[in-house]
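We count ligands from 1, going down the list as the structure has it; atoms in each ligand are counted the same way. In this text the structure is predicted, and so the values were computed from the model without any measurement.
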Amino acid sequence: MKTEKNTIQGIYHYCDRWCERCSFTSRCANFSFSEEHFSTPEERDINNEKFWQKLHEVFQLTMEMVIKESAKHGIDINDLDLEDAEESEKKKREEVNATDCVQAAKKYSETAGDWLTSNNNLFEQKQEHLLLQVRLELPNNTPEEEASDIIDAVEVIQWYQFQIYVKLARAVGSKTEEDQEKPDDYPKDSDGSAKVVLVALDRSIASWATIRNHFSEQEDCILDVLINLSRLRTSVEETFPDARSFIRPGLDNSA
Ligand code: SF4
């Protein structure tokens, strides 16, 4: 990836990939790469063949890079026992997925999805109610603000809905590997990934609280979601006690 003078090295390793809302796009090599390689609307449309052609090119480029870098270290990847590696990766994934916190994160992604889908009518009713308020121009009412609050909360919940599970699985997997290595003082990938999870959990909890304020009829159900998310957050903090203090390049410090 091309890097410019003001690029923040590795900022994309521990960000939430929400580029539309990121204030570091001009300093992120990953963003520049995406802009360069997926520059047209067709190339960004997952349902368009051009997207898949581009992705294929990116994989090819990556593979060439891996082969070249491996050769520098005297490794011929054709000599590697990939079947064995695949089997061991599969076993590792199963172990990671079986841990309580990863299971809880997976369950949350399903619960959040179910709630949003089954309460679609509530959002429609709310929309009608807010539009009526706009038309009536009642004093002391701020329907636009309320609508914007709800839209933002739903977008946040949806953005992190699966990311919490995926990133937590990565954090747990990295921790398993790190526990088998000789200890050192370097920042750990597990803590960085867990930090992304904690930020996502903080924002999701705040957003569910917003939704709860606007949909009092769903209070009990949303309270359950909030309790489960808070428990998950405590569990992540206990499993990764150094995650909160992990400094994500650019995002937690002024680079
Ligand atoms: S750092 Fe910002 S611009 Fe770069 S990948 Fe992450 S969210 Fe996108």
Side-chain angles (χ1 to χ4, degrees), residues 1-48 50-66 69 105 108-109 112-113 148-149 151-175 186-208 210 229 233 236 240 242-255:
M1 288 192 284
K2 274 191 217 153
T3 53
E4 304 294 338
K5 211 169 156 198
N6 70 343
T7 297
I8 300 172
Q9 293 293 332
I11 185 171
Y12 48 84
H13 286 311
Y14 302 109
C15 70
D16 61 9
R17 295 298 167 113
W18 205 344
C19 303
E20 291 86 351
R21 290 198 176 194
C22 181
S23 42
F24 292 99
T25 48
S26 62
R27 305 185 66 188
C28 173
N30 190 55
F31 183 81
S32 317
F33 180 89
S34 302
E35 289 290 290
E36 188 186 333
H37 290 270
F38 297 85
S39 54
T40 65
E42 293 78 24
E43 286 165 356
R44 290 177 190 183
D45 177 4
I46 195 166
N47 296 313
N48 193 300
K50 287 202 172 143
F51 168 85
W52 295 101
Q53 279 168 358
K54 273 285 165 186
L55 195 64
H56 177 69
E57 282 171 30
V58 170
F59 281 153
Q60 257 183 337
L61 273 174
T62 309
M63 203 57 209
E64 283 165 22
M65 196 185 76
V66 170
E69 286 302 309
Y108 164 69
S109 69
S148 148
D149 250 21
I151 291 170
D152 181 69
V154 171
E155 283 181 357
V156 169
I157 290 168
Q158 287 181 318
W159 189 262
Y160 297 116
Q161 180 187 346
F162 298 103
Q163 195 176 97
I164 291 170
Y165 162 55
V166 173
K167 285 284 177 185
L168 186 55
R170 176 179 169 127
V172 172
S174 292
K175 188 172 184 335
Y186 291 110
K188 296 188 169 38
D189 178 71
S190 59
D191 289 329
S193 300
K195 173 94 176 242
V196 179
V197 175
L198 289 171
V199 171
L201 283 168
D202 293 342
R203 292 182 182 161
S204 300
I205 287 171
S207 295
W208 278 109
T210 301
L229 274 185
R233 180 165 64 181
V236 174
F240 304 93
D242 296 324
R244 283 273 182 207
S245 53
F246 183 95
I247 307 287
R248 295 169 303 158
L251 301 166
D252 293 324
N253 57 3
S254 47

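For the salt bridge (charged side-chain N to carboxylate O under 4.0 Å, His left out) test, residues two or more places apart in sequence or in another chain that qualify with Arg44 are Glu35. With sequence neighbours left out, the salt bridge (charged side-chain N to carboxylate O under 4.0 Å, His left out) criterion links Asp152 to Arg21. Not counting sequence neighbours, the partners of Phe38 by the ring-ring contact (aromatic ring centres under 6.0 Å, His included) test are Phe51.
Going from atom CD of Gln60 over to atom CE of Met65 covers 14.0 Å, rounded to the nearest 0.5 Å.
Under a 4.0 Å N-O distance rule, the pair Arg170/Asp189 qualifies as a salt bridge.
Atoms of ligand 1 found under 4.0 Å from any heavy atom of Thr25, numbered from 1 in the order shown, are 3 (S).
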(message) Please evaluate residues Phe240 and Phe246 with respect to the criterion ring pair (Phe, Tyr, Trp, His ring centres under 6.0 Å), reporting the C-alpha separation (whole Å), side-chain torsions for both, the decisive distance (0.1 Å), and the verdict.
(response) CA-CA 10 Å; Phe240 304 93; Phe246 183 95; over 10 Å; no
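Take atom 6 (Fe) of ligand 1 and draw a sphere of radius 2.8 Å; the protein N/O/S atoms inside it number 1.
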